[in-house]
Amino acid sequence: MNFPNSKEIKKLIDNSKNVLLAFHQSPDPDSIVSNLLMRNYLEKAGIKNTIVCFDKVPSRFKEIYKLDFVIDEQNPETFDIKSFDLFLALDVNQPHRFG
C-alpha cells in the first residue's frame with residue numbers, strides 16, 4: 001500500500017460534501033460490497049453520496065444486497081455529475097469498465 005497516497009485520498013474524501021460511487025460494468029459482489037462499505041463510511045461521516053451503475057445491476061444482487069437506492073442503467077455520457085465534488089472508483093482497474 002502506498003501510504004502517502006492513501007492519506008491524500010482520505011483527506012479528499014473527508015473534505016467532500018457529495019461523493020459519487022459507481023459499480024463497474026456487469027457488477028459482481030466485489031464491486032458491490034466495496035461500494036457499500038464506502039457508502040457506509042461516508043454516511044457515518046455525514047457525507048452525502050450516490051451509487052450509480054452504468055449497466056443493469058443483476059436482480060439477484062439487488063435482492064441480496066437490498067440495492068433499491070442504486071441508480072442503474074444510466075448513460076455515462078448524459079449522467080449529470082455537476083452536483084458531485086468527488087468520484088470514487090472502487091474495485092476497477094480500467095476506466096472503460098464504467099461504460
Side-chain angles (χ1 to χ4, degrees):
M1 178 183 282
N2 187 333
F3 290 103
N5 286 344
S6 300
K7 290 177 184 177
E8 186 64 29
I9 291 167
K10 183 170 181 343
K11 184 177 173 183
L12 286 170
I13 292 168
D14 291 343
N15 290 325
S16 296
K17 297 197 183 334
N18 194 5
V19 176
L20 178 62
L21 302 166
F23 297 156
H24 58 62
Q25 286 179 323
S26 301
D28 56 16
D30 287 351
S31 177
I32 292 168
V33 171
S34 61
N35 281 281
L36 291 178
L37 288 169
M38 180 56 74
R39 178 179 193 259
N40 185 51
Y41 173 83
L42 294 170
E43 287 182 349
K44 286 185 179 199
I47 300 169
K48 186 176 174 185
N49 62 86
T50 299
I51 298 179
V52 69
C53 183
F54 299 113
D55 200 355
K56 183 169 178 54
V57 177
S59 61
R60 68 184 183 279
F61 293 147
K62 280 187 173 184
E63 293 170 15
I64 294 170
Y65 298 107
K66 310 284 190 242
L67 300 176
D68 55 328
F69 55 87
V70 174
I71 302 169
D72 67 345
E73 298 185 79
Q74 295 295 304
N75 182 336
E77 294 178 14
T78 60
F79 186 78
D80 187 10
I81 61 168
K82 293 177 191 145
S83 65
F84 302 98
D85 55 4
L86 182 65
F87 172 67
L88 293 176
L90 306 173
D91 187 56
V92 65
N93 61 356
Q94 296 292 322
H96 74 273
R97 296 215 43 216
F98 289 110

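Values below: every heavy atom of this structure, side chains too, minus hydrogens, waters and symmetry copies. Residue numbers count from 1 along this sequence.
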Original post:
When you look at Met38 and Asn49, which way does the side chain to side chain contact (heavy atoms under 4.5 Å, CB included) test go after all the steps?
Top reply: CA-CA 9 Å; Met38 180 56 74; Asn49 62 86; over 6 Å; no
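For the pair Asn35/Phe23, a side-chain contact is recorded, criterion being any heavy-atom separation below 4.5 Å from C-beta on. Two residues are said to be in side-chain contact when any heavy atoms from C-beta on lie closer than 4.5 Å; Leu20 and Phe79 meet this criterion. When side chains are defined from C-beta on, Ile13 counts as touching Tyr41, because their heavy atoms get closer than 4.5 Å.
Put simply, Leu42 and Val92 are part of two different groups of oily side chains (I, L, V, M, F, W, Y) that touch within less than 4.5 Å, one to the next. In terms of hydrophobic clustering, with Ile, Leu, Val, Met, Phe, Trp and Tyr side chains grouped at heavy-atom distances under 4.5 Å, Ile71 and Phe87 are assigned to a common cluster. Hydrophobic clustering (side-chain heavy atoms under 4.5 Å, transitive across Ile, Leu, Val, Met, Phe, Trp, Tyr) keeps Phe69 apart from Val52. Placement of Phe61 and Phe54 in two distinct hydrophobic clusters is found when ILVMFWY residues are connected by side-chain heavy-atom separations under 4.5 Å, directly or transitively.
The CD1 atom of Ile51 sits 5.0 Å away from the CG atom of Leu21 when rounded to the nearest 0.5 Å. Remark: Asn15 CG to Asp85 CG distance equals 9.5 Å, nearest 0.5 Å. Here Leu36 contributes atom CG and Leu67 contributes atom CG; the two are 6.0 Å apart, rounded to the nearest 0.5 Å. Distance check: Lys17 NZ to Phe84 CZ gives 15.5 Å after rounding to the nearest 0.5 Å. To the nearest 0.5 Å, atom CD1 of residue Ile81 and atom CG of residue Leu86 are 11.5 Å apart. Going from atom CD1 of Ile32 over to atom CZ of Arg39 covers 13.0 Å, rounded to the nearest 0.5 Å.
Not a single donor-acceptor pair under 3.5 Å links the side chain of Asp72 to the backbone N or O of Cys53. Between the Asp91 side chain and the Ser31 main chain, a donor and an acceptor come within less than 3.5 Å of each other.
What you find for Pro27 and Asp55 is that their closest heavy atoms are CD-OD2, 4.5 Å.
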